[in-house]
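Start at 1 and go down the list; that is how both ligands and their atoms are numbered. Below, each value reflects all heavy atoms present in this structure, side chains not excepted, and no hydrogens, waters or symmetry copies.
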Amino acid sequence: MSAIEKVSDLMAQYRAGYSLPGPLYYDQDVFDLEMKAIFGTQWLFACNECEVKEPGDYLTLELGRNSIIIVRDDNGEVTAWHNTCRHRGSRICQEHKGSVGRLVCPYHQWTYDLDGTLLAATQMPDDFDPKRYSLKPVHVCNVAGLVYICLAKEPPDLEHFKRTVSPYIIPHQPARTKVAFESVLIEKANWKLVIENNRECYHCAGNHPELLVSLVEAALPNDTRTHWFGDLMKRKGNEWDALGLPHQPVNGGIEFRCIRLPFNEGVTSMTMDGKPACKKLVGDLTERDLGSVRMFHVPNNWNHFLSDHIIHFRVIPRGPMETEVRTTWLVHEDAVEGWDYDVNRLAEVWQITNQQDQVLAEQNFLGVQSDAYEPGPYSPTGEFMILDFNRWYTTTMGEHLPPGAPGLRVAAE
Ligand code: FES
Ligand code: FE
């Protein structure tokens, strides 16, 4: 059986409403197709544009065999390039982040402008045409300060997403922030289990006492699991309407979600005691009691936009069995550490929560590899967002299976 037949066969075993067949979480051929069909094709969250604030500031991102440079050019635009020299292919930027005037390959010093054009290459013949050896570009879309990249030649449309979520995000002005703290966790779990774990709060009551100081388990304004939540949502919604801050859930289909939800009564930030994390509010906000805008975009990004800080989460697979989760905590660019905020206090809740989630995802991953594992039913109320994610996943993978493959039946359901 060829790899594609095997993947197709596994996809055909998927039953909507149930967790995925085990090998879809750990099989190398499945992962290889995911790297093409999903991580090589879809828009991926890379960073906040404030991380490359000045021309020449860059950071790199490893996506399977590809390394990408995200750099601000001399016109102030955020651009992205394959971090692969057009001479003999060496990596150019070998640090994760830095600042450069030009992109100079360390091997033989081919030198590129920040717009990707080759400026200098010594010892090449007279007929050598540097115009033919620009860096290979990667698509970039800046969504209200959040940088998304896409490796596809023809990227899917991101305009609907951009137009829909921007009004929710813009009041928090992500571009006018700075990274106060960053954490990178390498989790021994398949990336889909990391996402599944994020897409539900069914596990919160049993695992996240620190997070639940602020977060309410309800995911929609009309959530019936907490009878008091509807009243709180109505009251806060009226306050936010008066401030001109959108809060209703958007229609992002199975690709994205965006909503502003309140925290528990009296809580303004995701701290251990629910009190502010930073004296200075982000953007030009004047009110603290704004809950958080929760925005998720398949396949690798979720965020919280609070009144006093922003948290971005970025998921990048490193193999079928290992996933990098990068979290950044951002505060107003003028906030002063030690005066406006304390880093430990700012990051404590989500650092603890991330570690708890790491254990949950890793134990889940061990379990799905057992001979005893068989796909189990999701809760329609507690895990409805995983149903959306799995529908997106099987549809996207199905589009990359050959015509007539059994996996396509799944995509059509
Ligand atoms: Fe980059 Fe030779 S490989 S200059
Ligand atoms: Fe969790």
Which of the atoms of ligand 1 are close to H108, meaning less than 4.0 Å from one of its heavy atoms? 2 (Fe), 3 (S), 4 (S)
Charged N to carboxylate O below 4.0 Å: is that the case for K188 and E322? yes
Which ligand 1 atoms does S90 reach within 4.0 Å, using its non-hydrogen atoms? 3 (S)
Between CD on residue E287 and OG on residue S307, distance to nearest 0.5 Å: 9.5 Å
Closest approach of P155 and C150, non-hydrogen atoms and distance? CB-SG, 3.6 Å
Using a cut-off of strictly less than 2.8 Å, determine whether C201 has an N/O/S atom near the Fe ion (ligand 2). no
Taking the six-membered ring of Y168, is the NZ or CZ of R260 close enough (under 6.0 Å from the centre) and on axis enough (within 45°)? no
Contact atoms of ligand 1, heavy-atom distance to Y107 under 4.0 Å: 2 (Fe), 3 (S)
Could you tell me which N, O or S atom of H208 is nearest to the Fe ion (ligand 2)? NE2
In plain terms, say whether K178 and E337 are close enough for a salt bridge, that is, a side-chain N and a carboxylate O under 4.0 Å apart. no
Does the distance from a Lys or Arg side-chain N to an Asp or Glu carboxylate O, for D27 and K6, drop under 4.0 Å? yes
For atom 3 (S) of ligand 1, what's the nearest protein heavy atom and its distance? R88 N, 3.4 Å
Does E51 come within less than 4.0 Å of R314, counting only side-chain N to carboxylate O? no
Do any N/O/S atoms of C85 come under 2.8 Å of atom 2 (Fe) of ligand 1? no
The atom of D357 among N, O or S that is nearest the Fe ion (ligand 2) is OD1
Identify, by atom number and element, the atoms of ligand 1 in contact range of C105, meaning under 4.0 Å from any of its heavy atoms. 1 (Fe), 3 (S), 4 (S)
Which ligand 1 atoms, with their elements, are less than 4.0 angstrom from a heavy-atom of H87? 1 (Fe), 2 (Fe), 3 (S), 4 (S)
Salt-bridge criterion met for K236 and D289 (N-O under 4.0 Å): yes
Is the distance from the Fe ion (ligand 2) to the nearest N/O/S atom of C204 under 2.8 Å? no
Under 4.0 Å from any heavy atom of W110, which atoms of ligand 1 are there? 4 (S)
